Asker: 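One structure, as structure tokens, below. Some questions next.
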Amino acid sequence: MIYYQHYAYKHTLPSDRFSLLFVMESRPAPARYGPDYTPKMVAAIASCSTAIGRLDARFTVSPVAKPWAMRAAWTGYAKALQLQSAEVEEIDVFSWGCGLKMPGRPPLPSHLDLFDRFAEWRAALDDPDLLAWRDALPTAIGEPAVARDHPPLIQSLDTVRQLARIEHSIMAWLGLPFALRDRGLSATPLPCLAGGAKAFRMKRKPDADDWLAVLRALESAARIGLERLHGLERHYRDAQRAITAEYRPGALPALLALIQYRPLLSPQSVAELLSMSIAGASKLIERASMAGLLVEITQRRSWRQYLTPDLAADFGYLPAKRGRPVKERPSLPLDRDLASVFDAFDREMAAIDNLLTGAR
């Protein structure tokens, strides 16, 4: 066949133009579905899928899965707001979620409600019906037969791409955790993986750079989510040590359980949530600060605010840690009395979860 083409072209075109046509014909045809699978693209897909799998594996067995999911929802919602061109940062969404205005932050726009879809999204994340999100998709979103030959990650992103071109609200970007779950990349929706790219909405066919940018951003979100999950588990273990070190813990376990869900606190917010006086809440926060579980970020005499050390470093209130990570203290010994203390702490966390869930 090649010889026949060469023979035909040799009598109709100059030899230099024939060689150009032969090179063009030998190039792989651009993909109609998904990106072109160059070595760089394949490596990015594999790396991103691995990062998501590691986060999902850790999340499913973590003792702090519920408080992490709440924090991760704020992170994912902030990313989705940025894709909607809202001038907001992650720290602002955390501030809104905790009901406190962080010092030094500009006020959020008052002419529109940036968080009008958050409660709906949180309810969808907690919905046990695995088909609810998929059944609610517009009928215009389809899946060609060739999609089966592509990686599940690309299928998930293409579903979000189609949704973003039809649905112009923030819900398009918030659908990525569900798409990843439906393709088997995670057992449950991981809220911190919400996102996509503006090119998915603006371009009829995103180019290779757009796909690479999305894959790298998604991998980074999975890695940061795993680091924060490890940090929250470390904070959980440090809280257990702080409780056992106290002769009379009093209301300290309730505060440390609250910190898991509300990393940004003030004496006023603690007093309201735990039904105590502001003076008592201030003393309780001081005990948590001395144990290294909270840091003050206001540096003033009144209306103080406190943040967990890991988030204080992420948001710029503390210098970023450099060098090797600090060696964690050895695990507490197995003891029946300690087990009862830890069980009581877990019950406090469950009570705080019920309290905050009822307040939503």
Side-chain angles (χ1 to χ4, degrees), residues 34 48 52 55-56 59 68-90 92-97 108-143 147 152-206 210-211 213-215 217-218 220-222 225 357 360:
C48 183
I52 294 173
L55 173 59
D56 180 63
F59 172 73
W68 179 88
M70 181 175 289
R71 298 186 184 191
W74 297 334
T75 300
Y77 200 84
K79 176 62 177 176
L81 283 174
Q82 292 167 359
L83 289 171
Q84 290 292 107
S85 299
E87 296 183 358
V88 65
E89 296 184 14
E90 182 184 13
D92 301 316
V93 181
F94 269 74
S95 175
W96 169 84
L108 294 175
S110 57
H111 63 283
L112 51 88
D113 186 4
L114 296 178
F115 305 99
D116 58 336
R117 309 301 294 272
F118 184 81
E120 176 185 352
W121 183 50
R122 280 287 297 166
L125 290 171
D126 297 333
D127 191 350
D129 186 0
L130 300 181
L131 301 178
W133 180 81
R134 191 187 310 175
D135 292 343
L137 290 176
T139 56
I141 295 179
E143 182 178 293
L153 180 57
I154 297 302
Q155 297 179 39
S156 303
L157 290 172
D158 189 76
T159 300
V160 173
R161 180 193 65 81
Q162 295 183 60
L163 183 59
R165 292 184 62 82
I166 298 173
E167 172 66 56
H168 291 173
S169 73
I170 193 175
M171 298 304 289
W173 313 121
L174 297 177
L176 183 54
F178 302 101
L180 295 172
R181 189 264 324 265
D182 292 346
R183 298 299 180 185
L185 290 166
S186 63
T188 58
L190 301 172
C192 65
L193 301 184
K198 292 183 178 180
F200 280 3
R201 176 171 288 166
M202 302 299 180
K203 296 182 180 180
R204 188 171 180 269
K205 178 174 174 54
D210 298 325
W211 282 100
V214 172
L215 290 170
L218 188 58
S220 176
T357 301
R360 289 207 302 260

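The structure displayed is predicted, hence computed values, not measured ones.
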Asker: Write down the atom of Ala172, the atom of Glu167, and the distance for their closest heavy-atom approach.
Answerer: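 It is CB-O, 3.7 Å.
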Asker: For Arg181, check side-chain hydrogen bond (donor to acceptor under 3.5 Å, both in side chains) against everything at least two apart and list the hits.
Answerer: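 Per chain and number, Arg181 pairs via side-chain hydrogen bond (donor to acceptor under 3.5 Å, both in side chains) with no residue.
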Asker: List for me each residue that meets side-chain contact (heavy atoms from CB on, under 4.5 Å) alongside Ser220, sequence neighbours excluded, and say none if there are none.
Answerer: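 In terms of side-chain contact (heavy atoms from CB on, under 4.5 Å), with neighbours along the sequence ignored, Ser220 is linked to Ile224.
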Asker: Can you name the nearest heavy-atom pair linking Phe200 to Pro206, along with the distance?
Answerer: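 Answer, listing the atom of Phe200 first, then Pro206: CD1-CG, 3.7 Å.
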Asker: Without swapping roles, check the side chain of Gln82 against the backbone of Glu89 for a donor-acceptor pair under 3.5 Å.
Answerer: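 Flag not set: sc Gln82 to bb Glu89 has no pair under 3.5 Å.
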Asker: Not counting sequence neighbours, list each pair that qualifies as a salt bridge (Lys or Arg N to Asp or Glu O under 4.0 Å) and has a residue in residues 182-192.
Answerer: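 Applying salt bridge (Lys or Arg N to Asp or Glu O under 4.0 Å) to every pair that reaches into residues 182-192, excluding sequence neighbours, yields Arg134-Asp182, Glu143-Arg183.
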Asker: Which atom names give the shortest non-hydrogen contact between Ile166 and Ala140, and what distance separates them?
Answerer: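 Smallest heavy-atom distance, with atoms named: CD1-CB, 3.7 Å.
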Asker: Got a second to check how far Arg122's CZ is from Leu174's CG, nearest 0.5 Å?
Answerer: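 Result: 12.0 Å between the selected atoms.
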Asker: With Ala132, which residues qualify under side-chain contact (heavy atoms from CB on, under 4.5 Å), at least two apart?
Answerer: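 Counting only residues at least two positions away or on another chain, Ala132 forms a side-chain contact (heavy atoms from CB on, under 4.5 Å) with Asp127, Asp129.
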Asker: Roughly how far apart are Phe94 CZ and Met70 CE, rounded to 0.5 Å?
Answerer: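 Phe94 atom CZ to Met70 atom CE measures 11.0 Å (nearest 0.5 Å).
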Asker: Please enumerate all residues that pass ring-ring contact (aromatic ring centres under 6.0 Å, His included) together with Tyr77, with sequence neighbours excluded.
Answerer: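 With sequence neighbours excluded, Tyr77 shows a ring-ring contact (aromatic ring centres under 6.0 Å, His included) to Phe115, Phe118, given in chain and number order.
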Asker: Should Leu114 and Ile170 count as side-chain neighbours, where that means a heavy-atom distance under 4.5 Å?
Answerer: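 No, every pair of side-chain atoms sits at 4.5 Å or beyond.
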Asker: Taking ring-ring contact (aromatic ring centres under 6.0 Å, His included) as the test, write out the residues that go with Trp173, two or more places apart.
Answerer: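 ring-ring contact (aromatic ring centres under 6.0 Å, His included) list for Trp173, sorted by chain: empty.
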Asker: Can you list the residues that meet the salt bridge (Lys or Arg N to Asp or Glu O under 4.0 Å) rule with Glu90, with sequence neighbours excluded?
Answerer: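 Counting only residues at least two positions away or on another chain, Glu90 forms a salt bridge (Lys or Arg N to Asp or Glu O under 4.0 Å) with Arg228.
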Asker: What verdict does the side-chain contact (heavy atoms from CB on, under 4.5 Å) test give for Asp92 and Leu81, after you've listed the backbone C-alpha separation in whole Å, the side-chain angles of each residue and the deciding distance to 0.1 Å?
Answerer: CA-CA 11 Å; Asp92 301 316; Leu81 283 174; over 6 Å; no
Asker: Could you list all the side chain to side chain donor-acceptor pair (under 3.5 Å) pairs where at least one residue sits in residues 187-199, not counting sequence neighbours?
Answerer: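 Non-adjacent pairs meeting side chain to side chain donor-acceptor pair (under 3.5 Å): Ser85-Lys198.
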Asker: Determine yes or no for a side-chain-to-main-chain donor-acceptor pair under 3.5 angstrom, with Trp74 supplying the side chain and Gly97 the backbone.
Answerer: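 No, because the side chain of Trp74 does not come within donor-acceptor range (under 3.5 Å) of the backbone of Gly97.
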Asker: Would you compute the distance between atom CG of Leu193 and atom CD1 of Ile52 and round it to the nearest 0.5 angstrom?
Answerer: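 The CD1 atom of Ile52 is 5.5 Å from CG of Leu193, to the nearest 0.5 Å.
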Asker: To the nearest 0.5 Å, what is the distance between SG on Cys48 and CG on Leu218?
Answerer: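 If we round to the nearest 0.5 Å, Cys48:SG and Leu218:CG are 4.0 Å apart.
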Asker: Starting at CD of Gln84, measure out to CE of Met171 and round the result to the nearest 0.5 Å.
Answerer: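 Result: 11.0 Å between the selected atoms.
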Asker: Quick one: side-chain hydrogen bond (donor to acceptor under 3.5 Å, both in side chains) partners of Arg161, sequence neighbours excluded?
Answerer: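 Testing Arg161 for side-chain hydrogen bond (donor to acceptor under 3.5 Å, both in side chains), a comparison that skips the adjacent residues, returns Asp158.
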Asker: For Asp56, what residues pass the salt bridge (Lys or Arg N to Asp or Glu O under 4.0 Å) criterion, not counting sequence neighbours?
Answerer: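 Applying salt bridge (Lys or Arg N to Asp or Glu O under 4.0 Å) to Asp56 gives none.
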Asker: Please name the pair of heavy atoms, one in Leu83 and one in Ala197, separated by the smallest distance, quoted to 0.1 Å.
Answerer: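 The answer is CD2-CA, 4.1 Å.
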Asker: Identify the heavy atoms of Ser156 and Leu185 that sit nearest to each other, and give their distance.
Answerer: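 Nearest heavy atoms, Ser156 then Leu185: OG-CD1, 4.1 Å.
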Asker: Which residues satisfy the side-chain contact (heavy atoms from CB on, under 4.5 Å) test with Ala72, sequence neighbours excluded?
Answerer: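 In terms of side-chain contact (heavy atoms from CB on, under 4.5 Å), with neighbours along the sequence ignored, Ala72 is linked to Trp68, Pro191, Cys192.
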Asker: Could you state the interatomic distance from CG (Leu163) to NE2 (His168), rounded to the nearest 0.5 Å?
Answerer: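 Answer rounded to 0.5 Å: 10.0 Å.
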Asker: Suppose we screen for side-chain contact (heavy atoms from CB on, under 4.5 Å). Which residues come up paired with Ala124, at least two apart in sequence or across chains?
Answerer: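 In terms of side-chain contact (heavy atoms from CB on, under 4.5 Å), with neighbours along the sequence ignored, Ala124 is linked to Phe178.
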Asker: So Leu180 and Leu190, do their side chains get closer than 4.5 Å, heavy atoms only?
Answerer: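 They are not in contact (no side-chain heavy atoms under 4.5 Å apart), so the answer is no.
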